[in-house]
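One structure is given below, encoded as structure tokens.
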Amino acid sequence: MSPESQPVQPQVRRVTVLGAGSWGTTFAKVLADAGRDVTMWARRPEVAEEISQRHSNEAYLPGITLPEQIGATSDPAKALEGADAVVLAVPSQSLRANLVRWRDLLPKGAILVSLAKGVELDTLLRMSEVISEIAGVPSGEVVAVSGPNLAREIAQGQPAAAVLACADHDRAVAIQQAAFNSYFRPYTNTDVVGCELAGACKNVIALSCGMAAGLGFGANTMATLITRGLAEMARLGAKLGADPLTFAGLAGVGDLVATCSSPLSRNRTFGERVGRGETIEEAKAAQGGQVAEGVASCVSIRALAAQVGVDMPITEAMYRVCHEGCAPARAGAELLGRQQKHEWS
Ligand SMILES: NC(=O)c1ccc[n+]([C@@H]2O[C@H](COP(=O)([O-])OP(=O)(O)OC[C@H]3O[C@@H](n4cnc5c(N)ncnc54)[C@H](O)[C@@H]3O)[C@@H](O)[C@H]2O)c1
Ligand SMILES: O=P(O)(O)OC[C@H](O)CO
């Protein structure tokens with residue numbers, strides 16, 4: 001191939017990360033360790049000052065030293081100045097309201113990157129669709145990040161891989177080049193529907209695995225929930241046009257295994273507390289302001305499944321526990337007692 005005929009990737013030198021929680025801060029570190037010039041926006045000025053001056057974010061990543069070249073501010077206009085790419089790192093149910101405040105400040109042509117794993121309540125939109133609607137860019141130009149990415153492990157520099165999903169391959173490659181470093185290996189994927197749905201659905205399945213652990217159940221129960229969880233999320237994906245292979249990849253089985261088995265997962269931990277007998281309110285209060293996305297996503301995913309006529313029994317069970325007051329043991333017994341069927345029907 002002659003140099004003239006090679007595809008030209010947009011160069012991403014300067015990146016703004018909007019949101020200074022666990023994953024936003026970790027992703028900023030990934031980008032800085034990959035040589036990018038990174039500025040973060042933090043909601044609270046004291047967090048922005050801590051990141052800039054002391055190179056830490058103790059509330060979200062205790063004991064982690066951040067690269068000195070990461071700057072931070074609580075002024076979104078300052079944070080966004082001159083960005084080639086903008087990473088949206090706030091929880092999924094708050095993305096719309098935050099983005100409405102930021103949309104007029106987004107630099108023209110900047111690549112928009114979504115870190116959130118969820119389906120919006122009421123609209124039932126995926127995050128790239130919410131971003132497209134509010135920022136006025138085609139949804140096919142938004143890059144969605146998914147995969148087995150427990151923030152703390154990556155912040156410690158432990159090896160991990162991720163998927164960068166975007167219909168526009170050039171934009172995905174630009175972010176891949178910007179985020180690739182010695183411990184973080186991003187792959188590209190054009191199946192945005194599959195990657196985003198898998199990322200949202202696995203949080204609901206992780207709630208169920210946590211509840212099973214809280215009830216004292218072991219590896220067989222976990223493996224059953226992970227495998228049948230994968231089956232129900234792949235059914236939803238297939239109905240909505242996703243590539244079935246995506247569910248066998250990092251965003252599907254990869255993220256399910258990591259989230260459902262790790263005590264670092266907020267969703268699994270939330271489920272475990274409820275399985276041990278805490279109320280939903282007690283489990284929420286114990287999260288220290290961090291969000292277990294599955295609690296809201298079981299509502300939106302259940303509604304999406306009903307809209308397209310897909311059976312998602314584990315999601316239904318999580319909805320009953322989190323929003324209808326059903327006891328986890330009873331929800332588990334109901335799941336087991338359903339009409340018997342063929343594995344793939
Ligand atoms: N933490 C992880 O390991 C991880 C990994 C992959 C993906 N994700 C996804 O990334 C997204 C962000 O997760 P996180 O771990 O950084 O979350 P977090 O709870 O640790 O931090 C959220 C950040 O968003 C800010 N924020 C702005 N508006 C908010 C609002 N209305 N409500 C709550 N917070 C608000 C908070 O101040 C905070 O800085 C989520 O969708 C999550 O599922 C998280
Ligand atoms: O801590 P959780 O449960 O929000 O999961 C974090 C990541 O999504 C794992 O990939």
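Whatever order the structure lists them in is the order used to number ligands and atoms, beginning at 1. Please read all numbers here as calculations on a predicted model, not as lab measurements.
Checking K78 against T73 by side-chain atom types alone, no donor-acceptor pair falls below 3.5 Å. In the model, E129 has no side-chain atom that pairs as donor or acceptor with a side-chain atom of S139 under 3.5 Å. At a cut-off of 3.5 Å, with distance as the only test, a side-chain donor of Q290 or S22 sits close to an acceptor on the other residue. Side-chain contact of T269 with E272: a donor-acceptor pair under 3.5 Å is absent, judged by distance alone. Of the N and O atoms on the side chains of E50 and S56, at least one donor lies less than 3.5 Å from an acceptor on the other residue. Looking only at atom types and distance, the side chain of S297 has no donor-acceptor partner in the side chain of N203 under 3.5 Å away.
Neither the backbone nor the side chain of V145 has any atom closer than 4.0 Å to an atom of ligand 1 (non-hydrogen atoms only). Residue-level proximity to ligand 1 for L150 is carried by the backbone, the only part with a heavy atom below 4.0 angstrom.
Closest heavy-atom approach to atom 39 (O) of ligand 1 among the candidates G21, G288, G118: G21. Among L150, N203, D255, L250, the residue whose heavy atom lies nearest to atom 10 (O) of ligand 2 is D255. The residue among A258, P91, G19 with a heavy atom at the shortest distance from atom 22 (C) of ligand 1 is P91. Among E153, R152, R266, R268, the residue whose heavy atom lies nearest to atom 2 (P) of ligand 2 is R266. The option from S146, G118, S265, G294 that lies nearest to atom 3 (O) of ligand 2, judged by heavy atoms, is S265. When the heavy atoms of E293, Q290, R266 are ranked by distance to atom 1 (N) of ligand 1, first place goes to R266.
Using a distance-only test at 3.5 Å, with no hydrogens or angles considered, a donor-acceptor pair links the side chain of S208 to the main chain of I205. The main-chain N or O of L256 is never found under 3.5 Å from a side-chain atom of T259 such that the two would form a donor-acceptor pair. No donor-acceptor distance shorter than 3.5 angstrom exists from the side chain of D255 to the backbone of A251, with no hydrogens or angles considered.
Ligand 1 places these atoms under 4.0 Å from at least one heavy atom of K117: 6 (C), 7 (C), 41 (O), 43 (O). Each of the following atoms of ligand 2 lies closer than 4.0 Å to a heavy atom of N267: 2 (P), 3 (O), 4 (O). Residue A20 has at least one heavy-atom neighbour below 4.0 Å for each of these atoms of ligand 1: 39 (O). Within ligand 2, counting atoms from 1 as listed, the ones closer than 4.0 Å to a heavy atom of N149 are 7 (C), 9 (C), 10 (O). Short contacts between ligand 1 and G24, defined as distances under 4.0 Å to a heavy atom of the residue, involve ligand atoms 16 (O). Near V291, with a cut-off below 4.0 Å to any heavy atom, the atoms of ligand 1 are 19 (O). For ligand 2 and G147, the ligand atoms under 4.0 Å from any heavy atom of the residue are 10 (O). Counting the atoms of ligand 2 from 1 in the order shown, those under 4.0 Å from a heavy atom of T259 are 3 (O), 5 (O), 9 (C), 10 (O). Those atoms of ligand 1 that come under 4.0 Å of a heavy atom in A151, given as number and element, are 1 (N), 2 (C), 3 (O).
Closest to atom 5 (C) of ligand 1, if we only count protein heavy atoms, is N149 O, 2.9 Å. Closest to atom 31 (N) of ligand 1 among all protein heavy atoms lies S94 CB, 3.2 Å. In this structure, the protein non-hydrogen atom closest to atom 10 (O) of ligand 1 is L115 O, 3.3 Å. In terms of protein heavy atoms, atom 7 (C) of ligand 2 is closest to K202 NZ, 3.5 Å. For atom 8 (N) of ligand 1, the closest non-hydrogen atom of the protein is W23 CD1, 3.3 Å. At the top of the distance list for atom 37 (O) of ligand 1, counting protein heavy atoms only, stands R43 NE, 3.1 Å. Shortest contact from atom 25 (C) of ligand 1 to any protein heavy atom: V90 CG1, 4.0 Å. Of the protein's heavy atoms, N98 ND2, 3.0 Å lies nearest to atom 28 (N) of ligand 1. Protein heavy atom at the shortest distance from atom 20 (O) of ligand 1 is S22 N, 2.9 Å.
Tracing side-chain contacts under 4.5 Å through hydrophobic residues (I, L, V, M, F, W, Y), one reaches L230 starting from I226; they form part of the same cluster. Note on V143 and I154: same hydrophobic cluster, where clusters join Ile, Leu, Val, Met, Phe, Trp and Tyr whose side-chain heavy atoms are under 4.5 Å apart, directly or indirectly.
P313 has its side chain within reach of E232: a pair of non-hydrogen atoms, C-beta onward, lies under 4.5 Å apart. Between V17 and W41, the closest side-chain pair of non-hydrogen atoms is not below 4.5 Å.
Not one N or O of W41 is nearer than 3.5 Å to an N or O of ligand 1, by distance alone. Looking at K117 next to ligand 2, an N or O pair under 3.5 Å apart turns up. The distance criterion of under 3.5 Å between nitrogen or oxygen atoms is not met by P148 with respect to ligand 2. Annotation: A116 places no N or O atom under 3.5 Å from an N or O atom of ligand 1; distance criterion only.
Residue E68 qualifies as open at atom CD: its count of foreign heavy atoms under 6.0 Å is 12 or below. Around atom CZ of R13, no more than 12 heavy atoms belonging to other residues, nucleotides or ligands sit under 6.0 Å away.
Contact check on E120 versus R126 returns no salt bridge, with no Lys/Arg side-chain nitrogen under 4.0 Å from an Asp/Glu carboxylate oxygen. Note on R14 versus E81: no salt bridge recorded, every NZ/NE/NH1/NH2 to OD/OE distance being 4.0 Å or above.
Cation-pi geometry between R185 and Y187 is met: the NZ or CZ atom falls under 6.0 Å from the ring centre, inside 45° of the normal.
Proximity of R44 to ligand 1 is not established, as no heavy-atom distance is less than 4.0 Å.
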